[in-house]
Amino acid sequence: MYEPIRSKSVHQMADPDQGQFPHRSREEELDIQLAGHLAALLAVTDELGDDAAAERIAQQVARLRGAPPARHAGLTGADTSALHRRAHALAGRALVVAASRADTAVAILAAERMDAHTAALGDSSLVGTP
């Protein structure tokens, strides 16, 4: 009644070439994500002109990436309060990832940066920001 299948199935459970591609562990993925958040925070911190904090952030990015971060002096001309809100949000993201990978040094740095940006804005200005 039915003709037997004569060709290979297009649906395969295992990819025969799977071993040929590099795969990263969860820890490596978190390192990459954390370095990205810190690099973005570094750019905003550089624009705000906080050299001491920028150096501490740059050290952590270099530790995670194995190379010093690329830094630029490009200014966006954004409002200072907008930059503080952005830096606060980026530090919060870095804190979440640092806590997930149990990186105490970055978690402490991110929490300190959140506190600094909260103080720069005043507590009420961060309420309701995403």
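The minimum heavy-atom distance between His84 and Ala120, with the atom names listed, is CE1-CB, 3.4 Å. The two residues Leu109 and Gln60 make their nearest non-hydrogen contact at CD2-CG, 3.8 Å. In terms of heavy atoms, Val97 sits closest to Leu30 at CG1-O, 3.7 Å. Counting all heavy atoms, side chain and backbone alike, Met114 lies closest to His88 at O-CD2, 3.3 Å. Among all heavy-atom pairs drawn from Pro69 and Val61, the shortest one is CB-CG1, 3.6 Å. The two residues Ala94 and Leu34 make their nearest non-hydrogen contact at O-CD1, 3.4 Å.
How far CD of Glu29 is from CD of Gln33: 8.5 Å, rounded to the nearest 0.5 Å. The CD atom of Glu47 sits 8.5 Å away from the OG1 atom of Thr80 when rounded to the nearest 0.5 Å. One finds the CG atom of Asp51 at 10.5 Å from the OG1 atom of Thr45 (value rounded to the nearest 0.5 Å).
Between Asp50 and Arg113 there is a salt bridge, with a side-chain nitrogen of the basic residue lying less than 4.0 Å from a carboxylate oxygen of the acidic one. A salt bridge links Asp103 with Arg63: the distance from a Lys NZ or Arg NE/NH1/NH2 to an Asp or Glu carboxylate oxygen falls below 4.0 Å.
In terms of hydrophobic clustering, with Ile, Leu, Val, Met, Phe, Trp and Tyr side chains grouped at heavy-atom distances under 4.5 Å, Leu64 and Leu41 are assigned to a common cluster.
Residues His37 and Leu95 form no side-chain contact, since every pair of their non-hydrogen atoms from C-beta on lies 4.5 Å or further apart. Looking only at side-chain heavy atoms (C-beta outward), Asp79 and Leu83 stay at 4.5 Å or farther from each other. Residues Arg86 and His117 fail the side-chain proximity criterion, which asks for heavy atoms closer than 4.5 Å.
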Which is it for Arg26 and Ser100 under the side-chain hydrogen bond (donor to acceptor under 3.5 Å, both in side chains) test, yes or no, and what are the steps along the way? CA-CA 10 Å; Arg26 180 176 186 275; Ser100 176; 3.2 Å; yes
Apply salt bridge (charged side-chain N to carboxylate O under 4.0 Å, His left out) to residues Arg101 and Glu28 and explain how you reach the verdict. CA-CA 10 Å; Arg101 67 178 296 277; Glu28 291 170 326; over 6 Å; no
